[in-house]
Amino acid sequence: MSNDNKSNLPNVNYAHTANNGTVAAPSNFLRTIIEADMTGGVYANRQDSHGQPLPLVVTRFPPEPNGYLHIGHAKAICVNFGLARDYAGRCHLRFDDTNPEKEEQEYVDTIIDSVKWLGFNWNDTTGEHLYFASDYFDQLYLMAEYLITAGLAYVDSQSADDMATNRGNFGEVGKDSPFRTRSPEESLALFRRMKAGEFKDGTHIVRAKIDMASPNMNLRDPAIYRIRHAHHHRTGDAWCIYPMYDYTHPISDALENITHSICTLEFQDHRPFYDWILEKLSDGGFLQKPVPHQYEFSRLNVTYVVTSKRKLRQLVDEQIVDGWDDPRMPTLVGIRRRGYTPESLQLFCDRTGVTKSDGWIDMSSLEGALREDLDPKAPRATAVLRPLKLIIDNFPEDLSVACHAPVFPPAHPEHATAMRHFPITRNVWIEREDFMETPVKGYFRLTPPTEDKAGSRVRLRHGYVVECTGFDKDADGNVSAVHCNYFEDSKSGTEGSANYKVKGNIHWISVAHALEAEVRLYDRLFSDPHPDAGGKDFKLALNPHSKEVVTAYLEPGMSAALPDERYQFERHGYFVADRIDSIAGKPVFNRTVTLKDSWGK
Ligand code: ATP
Ligand code: MG
């Protein structure tokens with residue numbers, strides 16, 4: 001791992017170490033290509049504009065700042081930043097901000113935040129490698145002028161309809177625009193007038209002059225500049241023409257000395273144009289050789305999730321969820337708020353691998369990665385989520401006895417030393433499900449005495465063994481309290497405790513000491529593994545039980561829980577103190593995931 005990676009990844013088993021040059025991570029086709037390029041010296045001996053040597057591997061993560069990042073982006077982030085880290089290279093964060101209407105500073109900020117949260121950064125000894133395509137607008141413009149002058153591009157003035165018709169389709173070659181033969185001088189003059197703001201949106205467009213008969217639609221004279229009288233979040237009103245994504249992307253890559261430009265498979269058909277642009281502009285002396293190369297891998301698709309921006313926006317706008325960072329959203333802000341760790345996401349992304357074949361990854365592998373990450377390190381705590389009062393009738397009313405339990409699980413180095421403390425008193429809260437008036441077979445928790453049998457005995461975890469003596473019901477016939485007696489010599493950690501063999505072991509919290517807290521029990525947002533497959537209405541697949549809010553009782557020490565702190569609530573799962581709604585002394589908890597997968601069964 002490179003020194004500048006500040007994230008602490010104790011549970012992600014990265015076999016590879018970049019600094020001594022050995023890379024032993026599970027290989028994939030991208031690693032094979034990179035290693036071959038390194039061995040072949042393809043990107044050796046390059047220098048940046050300040051004469052600094054350039055790394056052999058320079059990747060980039062290029063989001064468009066038009067929305068929140070989601071789990072699929074995490075994959076692209078881990079692939080790009082991960083490869084750079086593993087091969088002692090660097091990865092740039094570049095905003096592809098060429099669509100003024102859709103982009104906003106708010107999105108730039110949240111994207112920066114999410115990438116950092118995932119544990120990556122874009123700094124190295126030469127500085128910060130954070131870029132904006134909009135910073136290249138001047139250069140992009142000059143290169144377009146060059147292409148026009150060289151007869152490699154022209155201004156097309158067809159109507160949008162004619163342009164679409166003349167483009168043809170898969171079975172039918174396109175037709176040359178009547179403006180294709182315009183002289184470079186005429187096109188250049190028009191382009192300059194476009195830039196000067198003389199024309200309305202959509203009246204002229206600059207197109208690369210390639211081949212209207214190409215079987216690849218992307219080579220049928222693709223657009224490179226269009227008119228948009230729109231305010232840009234960074235360049236303001238300086239421009240009324242904006243470069244197209246397919247034109248901007250290869251040039252941005254080349255200007256930043258990217259070596260391996262990694263994207264998802266849907267860009268495969270765009271690669272010939274990517275190469276065309278770089279060839280023409282490097283031949284023209286505008287870009288350094290060797291130029292970057294584009295490689296495609298398959299998108300990450302996770303079951304029980306939708307990632308389309310439009311659909312996510314619909315969930316937010318229609319208040320089906322409580323905002324972009326709702327813990328049920330697959331956005332990185334949502335996943336973070338839900339309680340996922342960056343380490344678990346990296347582990348998940350590494351495990352899903354890099355391939356060229358599309359497939360679905362089951363949500364349970366994401367949940368499994370979190371359990372694996374948190375199990376050895378999350379502090380334990382007690383929480384009663386659905387409380388029922390247990391009255392220990394033979395426990396003196398004003399007595400309070402200290403009980404102790406380790407904060408950390410056995411695997412943790414502080415297991416034996418860090419202790420949490422909570423008293424036991426006459427009245428304690430237990431889980432409603434830990435009492436059964438008429439027990440089913442194999443039920444070993446609290447059950448009342450019957451005519452021929454005493455009540456059951458259970459251990460109040462870290463406390464005493466108790467025997468159930470009866471229960472109360474309210475006017476509606478619901479159990480309102482359970483009664484028991486305790487055995488004074490049975491306390492956990494004392495000699496006498498060994499004399500009591502009980503099958504049930506339940507958790508509890510002293511009523512007088514309990515911390516009342518709001519706990520949000522989140523579950524998957526959809527109950528269909530493929531909510532929007534085949535054009536299905538994803539809203540019909542919503543899981544009606546994806547959020548339940550309960551008033552729970554927590555052990556008293558939990559009042560000190562800080563926002564974003566994660567715990568294992570024993571028997572229940574992993575929970576995080578909500579980063580937005582928790583206040584000092586009064587945390588609100590989100591359930592991140594239960595202890596076991598209850599979906600795959
Ligand atoms: P979406 O269409 O899902 O909203 P996008 O492609 O519009 O995503 P960009 O900001 O353009 O969002 O994406 C930035 C990078 O993230 C691109 O390189 C894109 O290929 C990659 N990416 C987006 N979704 C996924 C995914 N599901 N798996 C892997 N990479 C992804
Ligand atoms: Mg995109």
Side-chain angles (χ1 to χ4, degrees), residues 28 30 59-84 91-99 101-104 106-115 118 120 122 130-134 233 244-246 248-250 252-253 256 258 260-271 274 292-316 324 329-335 345-346 348-361 363 365-366 530-533 538:
N28 59 51
L30 291 176
T59 56
R60 84 289 169 268
F61 172 63
E64 184 179 354
N66 65 351
Y68 288 81
L69 297 182
H70 55 65
I71 182 76
H73 293 116
K75 174 81 185 194
I77 293 168
C78 289
V79 167
N80 282 295
F81 282 94
L83 288 169
C91 180
H92 298 182
L93 175 61
R94 181 200 316 140
F95 289 97
D96 246 320
D97 56 348
T98 55
N99 270 320
E101 292 101 329
K102 291 195 200 150
E103 295 159 3
E104 286 168 37
E106 176 198 346
Y107 299 129
V108 170
D109 297 339
T110 161
I111 289 171
I112 288 181
D113 212 46
S114 288
V115 180
L118 270 176
F120 298 107
W122 38 89
L130 172 67
Y131 301 99
F132 291 85
S134 54
H233 73 112
M244 302 300 287
Y245 174 86
D246 275 349
T248 308
H249 200 86
S252 307
D253 282 349
E256 291 176 22
I258 301 299
H260 302 81
S261 177
I262 299 162
C263 60
T264 36
L265 277 176
E266 67 271 23
F267 291 101
Q268 199 161 356
D269 289 347
H270 299 231
R271 187 175 356 115
Y274 182 101
H293 278 277
Q294 176 181 305
Y295 301 96
E296 308 88 16
F297 71 102
S298 60
R299 301 173 71 84
L300 171 70
N301 299 309
V302 184
T303 57
Y304 298 98
V305 155
V306 299
T307 53
S308 131
K309 273 178 197 137
R310 180 179 60 80
K311 291 171 189 165
L312 295 178
R313 186 175 300 281
Q314 213 176 327
L315 292 170
V316 174
W324 287 98
M329 289 284 272
T331 51
L332 293 184
V333 286
I335 288 174
L345 287 174
Q346 289 198 27
F348 170 73
C349 289
D350 275 9
R351 281 204 182 138
T352 52
V354 175
T355 67
K356 277 191 169 281
S357 51
D358 271 320
W360 288 84
I361 302 293
M363 182 64 160
S365 20
L366 178 59
H530 308 290
D532 56 354
F538 67 105

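Since this is a predicted model, take the numbers as computed values, not measurements. Read the numbers this way: they start at 1 and go in the same order the structure lists the ligands and their atoms.
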Peer 1: Nearest to atom 30 (N) of ligand 1 by heavy atom, Thr264, Leu312, Thr307, Val79: which?
Peer 2: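 The option holding the nearest heavy atom is Thr264.
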Peer 1: Anything under 30° is parallel, anything over 60° is perpendicular, the rest tilted; go ahead and classify Phe132 against Phe95.
Peer 2: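 It falls in the parallel class, under 30°.
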Peer 1: What residues, two or more places apart in sequence or in another chain, satisfy side chain to side chain contact (heavy atoms under 4.5 Å, CB included) together with Thr264?
Peer 2: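 For Thr264, the residues satisfying side chain to side chain contact (heavy atoms under 4.5 Å, CB included) (neighbours in sequence not counted) are Glu266, Phe267, Phe297, Arg299.
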Peer 1: Pull out every atom of ligand 1 sitting under 4.0 Å from any heavy atom of Ala76, numbered as shown with elements.
Peer 2: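 Selected atoms, number and element: 16 (O), 21 (C), 30 (N).
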Peer 1: Quick check, are the ring centers of Phe61 and His92 under 6.0 angstrom apart?
Peer 2: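 No, the ring centres sit 6.0 Å or more apart.
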Peer 1: Out of curiosity, is His70 lining ligand 1, as in a heavy atom under 4.0 Å away?
Peer 2: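 Contact present.
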Peer 1: Measure across Phe120 and Gly82 and return the closest heavy-atom pair with its distance rounded to 0.1 Å.
Peer 2: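 The answer is CE2-N, 4.3 Å.
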Peer 1: Say whether Gln268 and Tyr295, considering side chains only, have a donor N or O and an acceptor N or O under 3.5 Å apart.
Peer 2: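 Checked: Gln268/Tyr295 side chains show no N/O donor-acceptor pair below 3.5 Å.
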Peer 1: Does an N or O from Ile262, backbone or side chain, lie closer than 3.5 Å to an N or O of ligand 1?
Peer 2: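 No, Ile262 has no N/O under 3.5 Å of an N/O on ligand 1.
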Peer 1: Short list, please: which atoms of ligand 1 are under 4.0 Å from a heavy atom of Glu64?
Peer 2: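 Near Glu64, the atoms of ligand 1 are 9 (P), 10 (O).
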Peer 1: Can you confirm, on distance only, whether ligand 1 has an N/O atom lying under 3.5 Å from any N/O atom belonging to Asn66?
Peer 2: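 Asn66 vs ligand 1: no N/O contact under 3.5 Å.
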Peer 1: Given the side-chain rings of Tyr245 and His249, with only the six-membered ring counted for Trp, is the space between their centroids under 6.0 Å?
Peer 2: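 Tyr245 vs His249: aromatic centres under 6.0 Å.
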Peer 1: Look at atom 24 (N) of ligand 1 and find which of Glu296, Lys309, Arg299 reaches it with the closest heavy atom.
Peer 2: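 Shortest heavy-atom distance from atom 24 (N) of ligand 1: Arg299.
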